[in-house]
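To start, the structure under review is shown below, and the notes come after it.
In listed order, ligands and their atoms are each counted from 1. Note that the coordinates shown come from a computational prediction; the quantities given were computed from them, not determined experimentally.
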Amino acid sequence: MPNTIVSNHPLIQHKLSILRDKNTKPNEFRSLVSELGTLLCYEATRDLPLVSKVIETPLMKTETKVLAEKIALIPILRAGLGMVDGIWNLIPNACVLHIGLYRNEETLQPVEYYNKLANYRTVDHCLILDPMLATGGSAIAVADILKKWGAKSIRFVGLIGAPEGIKALHEAHPDIDIHLAAIDEKLNEHGYILPGLGDAGDRQFGTVDLF
Ligand code: PRP
Ligand code: URA
């Protein structure tokens, strides 16, 4: 899988371990999702193009480098929301465009319920944010929507991927790099990642026993 990048940075692996633990409560879970978003985004943006800019330090003029292009963060609702703040802190000029999808529990097919893409495309790079890449259906659907909208450069940033989802996303969109903290073993019969961390949305929003 040439375009799947898994970070083995010790801080990422340490935080992921706490995130997976069933005893980790929503408050800590949300903080960890955000921190992992920051760390993974740092890795996922290491080749973004730069342009020269002349600025004045307190002592003299000098040529510096700044990001050349506009970046959009596309969290997949709900669970992707938790990754936004951590990444936005790193790229404060990014815009955030929301797409809402949920998986039909029986078919595991994504159902779109919200789309807040701007009327016209003004971004150069799209980062799709979602902690879980399970069957890959949600990520593929969002990439389809973004490409129809006109997006040319898309990356997926997630926490845990199943081999099935990575393969499906790669086959559907071979141009999209996939940045993850871990590749897990497989999906269970309900489409959950094993060992995984459970339901990323429910664990963030405290709704584990409600649905
Ligand atoms: C989860 C997760 C992904 C999707 C992954 O969302 O956040 O969006 O499932 O599964 P897939 O790769 O098989 O499509 P869910 O549908 O549970 O919605 P939620 O974020 O609102 O809980
Ligand atoms: N969505 C989740 O939140 N967790 C999984 O394991 C699979 C899909």
>> Surrounding OH of Tyr102 (heavy atoms of other residues, nucleotides or ligands, distance under 6.0 Å), is the total greater than 12?
In response: no

> Partners of Asp47 by side-chain hydrogen bond (donor to acceptor under 3.5 Å, both in side chains), sequence neighbours excluded?
Replying inline: Arg155

>> Just to verify, what does Ala141 make a side chain to side chain contact (heavy atoms under 4.5 Å, CB included) with, not counting sequence neighbours?
In response: Leu101, Pro110

>> Let's go through Lys167 and Glu164 carefully: what are the C-alpha distance in whole Å and the side-chain angles of both, what is the deciding distance for salt bridge (Lys or Arg N to Asp or Glu O under 4.0 Å) to 0.1 Å, and is it a yes or a no?
In response: CA-CA 5 Å; Lys167 182 166 180 285; Glu164 297 89 329; over 6 Å; no

> Would Arg20 and Asp184 count as a salt bridge (Lys or Arg N to Asp or Glu O under 4.0 Å) if you check the C-alpha gap in whole Å, the side-chain angles of each, and the deciding distance to 0.1 Å?
Replying inline: CA-CA 12 Å; Arg20 288 182 189 275; Asp184 275 10; 2.7 Å; yes

Can you produce the list of protein nitrogen or oxygen atoms under 3.5 Å from a nitrogen or oxygen of ligand 2, alongside each distance?
unit_1   : atom_1 : unit_2 : atom_2 : d
ligand 2 : 3 (O)  : Ala200 : N      : 2.8
ligand 2 : 4 (N)  : Gly198 : O      : 2.8
ligand 2 : 6 (O)  : Ile193 : N      : 2.8

> Going from CG on Leu180 to CD1 on Ile160, what distance comes out if it is rounded to the nearest 0.5 angstrom?
Replying inline: 9.0 Å

> Quick one: do Asp199 and Arg103 make a salt bridge, cutoff under 4.0 Å?
Replying inline: no

>> Before you tell me yes or no, could you show the steps for Asp175 and Lys147 under salt bridge (Lys or Arg N to Asp or Glu O under 4.0 Å), namely the whole-Å CA-CA distance, both residues' side-chain angles and the distance that decides it to 0.1 Å?
In response: CA-CA 11 Å; Asp175 55 310; Lys147 285 187 178 175; 2.8 Å; yes

For ligand 1, list every N/O pair with the protein closer than 3.5 Å, one pair per line with the distance.
unit_1   : atom_1 : unit_2 : atom_2 : d
ligand 1 : 7 (O)  : Asp130 : OD1    : 2.9
ligand 1 : 8 (O)  : Asp130 : OD2    : 2.4
ligand 1 : 12 (O) : Ala134 : N      : 2.9
ligand 1 : 12 (O) : Thr135 : N      : 3.1
ligand 1 : 12 (O) : Gly136 : N      : 2.8
ligand 1 : 13 (O) : Arg103 : NH1    : 2.7
ligand 1 : 13 (O) : Thr135 : N      : 2.8
ligand 1 : 13 (O) : Thr135 : OG1    : 2.5
ligand 1 : 14 (O) : Ser138 : N      : 2.9
ligand 1 : 14 (O) : Ser138 : OG     : 2.6
ligand 1 : 16 (O) : Arg103 : N      : 2.8
ligand 1 : 20 (O) : Arg78  : N      : 3.1
ligand 1 : 20 (O) : Ala79  : N      : 3.0
ligand 1 : 21 (O) : Arg78  : N      : 3.2
ligand 1 : 21 (O) : Arg78  : NE     : 2.9
ligand 1 : 22 (O) : Arg78  : NE     : 3.4
ligand 1 : 22 (O) : Arg78  : NH2    : 2.9

> CH2 of Trp149: more than 12 outside heavy atoms within 6.0 angstrom?
Replying inline: yes

